[in-house]
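Accompanying notes for the structure given below.
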2 protein chains.
Amino acid sequence: MSMTPQNCAEKAVRRVPRGEKRREEIAAVAERVFLHRGFTETTMQIIAEEASASKETLYRHFGSKEGLFFEVIRSRSVRITGGNEGELSVEGSPREILGDLGLNLLRFLVNPDSLSLYRAIVTEVPREPELGRIFYAQGPARLLNQFANYLVSATRCGKLFCPEPELAAKLFIGSIVANYQILGLIAPEEAAFSDQKMRTHVNEAVSMFLARYGVCSAKRS
Amino acid sequence: MSMTPQNCAEKAVRRVPRGEKRREEIAAVAERVFLHRGFTETTMQIIAEEASASKETLYRHFGSKEGLFFEVIRSRSVRITGGNEGELSVEGSPREILGDLGLNLLRFLVNPDSLSLYRAIVTEVPREPELGRIFYAQGPARLLNQFANYLVSATRCGKLFCPEPELAAKLFIGSIVANYQILGLIAPEEAAFSDQKMRTHVNEAVSMFLARYGVCSAKRS
DNA sequence: ATATAACCGTACCATCTAGTACGCTTATCC
DNA sequence: GGATAAGCGTACTAGATGGTACGGTTATAT
């Protein structure tokens, strides 16, 4: 009856965009699939179907399966630390700052997406070492740097005493991260990631750190 | 000329054993190959060639590729901690004991075989969760337990003060392990694993631990 | 000694999947 | 509005690989 029914038709005759926009749509879908299934278990066919795209389009944009994977992981690695670029403020008590940092970190890397990304990278590093370097630089290295910088500042203004900030940073981050990461990667189901447990863990890590590098008052509570 | 030349022939006409012995030979070869190349990049054909075996023999003994992989990883996970079953002795100063434990642990897990095993398991856990459980129980869990037991004993005889030994154990092990393990998995080539660095790292980790959980003399050096 | 079953090598099958080709449709640019 | 290139879907190729079959050989047990 109406003359231009196709545009306002309720049936989802999705207008599919062209060029860069389509490329990004596909990359987003691919990211989800790769993270969910890993590189090997993912086929180009699956990605194409999920994105309602054709394999030809995939190959036109990304050249190969590895090219697509590479781009996806790379962009995600960069995005990971997109938020926390800034310096850590020296305002507030070290205990508070360390606690916040630790808890945020822990919450972040216990979440399934982070674990999947990490798993995918660990798996593919032998074949694509570049991937590991990018991820390390964007993720762990950046965090360590940022934290070490804070330690320097805090030491300078007398709130902490850290002669070797890089090392201290590694110890603190490690004491928080290690056990949860291993569990998350190796035994995801039985990992009990209650927020309560994480809080307790972080608090104790902070206490240990401050026992060594703290500078203030009541030594040895 | 001689009547039984084939047995003493210099040409390696390797007498190939039958039954269980052959099975173990093959498993040993498979272990090497799997650790070196990972599950996906390993083919049954390669294993067969490396072991001078026939695929049929592989399948008779192990049923499937996954079966072979499973058996190999399982036995290796068990073997990992085969040495250090015993309790940690309470003799000696905590600083010494923690230092030794830490350094041994660190040396152990930066070695390429350990990293390969860990990588293989991380990769395959989504498909074979059982693998992860076995590894965790045989490796990390056992170590944590052992260490926590030591902390209890040391606390009991007044050499340390650890009200929450499990948590303290996690913090200590984590502070030692995390950074090196990540680097080893993610950026193997640029990982600078000098023994000197590891020593320094461990020493500082021990100092931090003792600052919190130590009990003796010269508080706050 | 001889029977038997483990073993080897080669060939083979079925499947899966990266990557290509092609004809038709449709968004986009002028 | 019409040309053009991006995109879709289907079909196809080629290579790799898990797993099987089979005939000949050799260790091993009786």
Side-chain angles (χ1 to χ4, degrees), chain A residues 3-9 11-30 33-34 36-72 123-124 127-128, chain B residues 3-9 11-30 33-34 36-72 123-124 127-128:
Chain A
M3 283 171 58
T4 55
Q6 60 250 41
N7 266 348
C8 38
K11 233 122 196 257
V13 203
R14 193 175 97 81
R15 263 174 67 106
V16 34
R18 298 275 165 103
E20 198 58 27
K21 205 161 296 185
R22 188 72 178 118
R23 181 190 168 96
E24 277 160 28
E25 282 184 4
I26 292 175
V29 171
V33 179
F34 274 135
H36 187 70
R37 316 180 51 128
F39 180 80
T40 309
E41 302 291 316
T42 298
T43 72
M44 292 301 259
Q45 189 60 45
I46 292 178
I47 295 176
E49 281 166 14
E50 292 278 307
S52 299
S54 135
K55 283 211 294 175
E56 193 184 346
T57 308
L58 265 59
Y59 281 98
R60 182 157 8 91
H61 280 308
F62 305 100
S64 70
K65 186 185 178 186
E66 314 218 337
L68 177 53
F69 183 73
F70 196 89
E71 168 150 339
V72 159
T123 300
E124 295 307 323
R127 301 204 310 160
E128 294 273 9
Chain B
M3 285 173 51
T4 57
Q6 60 251 39
N7 266 348
C8 39
K11 245 4 232 325
V13 204
R14 191 173 97 80
R15 262 177 68 106
V16 33
R18 299 274 166 102
E20 198 58 27
K21 204 161 297 184
R22 189 72 179 118
R23 182 191 167 94
E24 278 159 26
E25 283 183 3
I26 292 175
V29 171
V33 179
F34 274 134
H36 187 68
R37 316 180 50 128
F39 180 79
T40 309
E41 301 292 315
T42 299
T43 71
M44 293 301 259
Q45 188 61 44
I46 292 178
I47 295 175
E49 282 166 13
E50 291 277 307
S52 299
S54 132
K55 283 211 293 175
E56 193 184 344
T57 308
L58 265 59
Y59 281 98
R60 182 153 11 88
H61 280 308
F62 304 99
S64 70
K65 186 184 179 187
E66 315 219 337
L68 177 52
F69 183 73
F70 197 90
E71 168 149 340
V72 159
T123 300
E124 297 307 322
R127 301 203 312 159
E128 294 274 10

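Below, each value reflects all heavy atoms present in this structure, side chains not excepted, and no hydrogens, waters or symmetry copies. A, B, ... follow the sequence lines: proteins, then strands. Residue 1 opens every chain.
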With A:Phe69 via ring-ring contact (aromatic ring centres under 6.0 Å, His included) - residues at least two apart
A:Phe34, A:Phe39

Name the pairs: protein N/O against N/O of nucleotides 2-5 of chain C, kept only if under 3.5 Å.
none

Within residues 36-51 of chain A, find the residues that approach DNA chain C with a heavy atom at under 4.0 Å, and present them sorted by residue number.
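Those residues are A:Thr42, A:Thr43, A:Met44.
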
Between [X] and [N], is there a contact of a side-chain N or O with OP1 or OP2 at under 4.0 Å?
| X | N | value |
| --- | --- | --- |
| B:Thr57 | C:dC8 | yes |
| B:Arg60 | C:dC7 | yes |
| A:Arg22 | D:dC8 | yes |
| A:His61 | D:dG7 | yes |

Between P on D:dG18 and CD on B:Glu66, what's the gap in Å once rounded to a whole number?
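B:Glu66 atom CD is separated from D:dG18 atom P by 10 Å.
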
When the distance from NZ of A:Lys21 to P of C:dA27 is rounded to whole Å, what number comes out?
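From A:Lys21 NZ to C:dA27 P: 14 Å.
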
Could I get a table of every N or O pair under 3.5 Å where one atom is in the protein and the other is in nucleotides 20-24 of chain C?
residue	atom	partner	partner atom	Å
C:dC22	N4	A:Glu56	OE1	2.2

Can you name the closest pair of heavy atoms from A:His61 and A:Arg23 and give their distance?
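For A:His61 and A:Arg23, the tightest heavy-atom pair comes out as O-NH1, 2.9 Å.
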
Between the opening five pairs and the closing five pairs of the helix from C:dA1-D:dT30 to C:dC30-D:dG1, how far apart are the helix axes, to 10°?
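That helix has its two terminal axes inclined by roughly 30°.
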
According to salt bridge (charged side-chain N to carboxylate O under 4.0 Å, His left out), who are the partners of B:Glu56, at least two apart in sequence or on a separate chain?
none

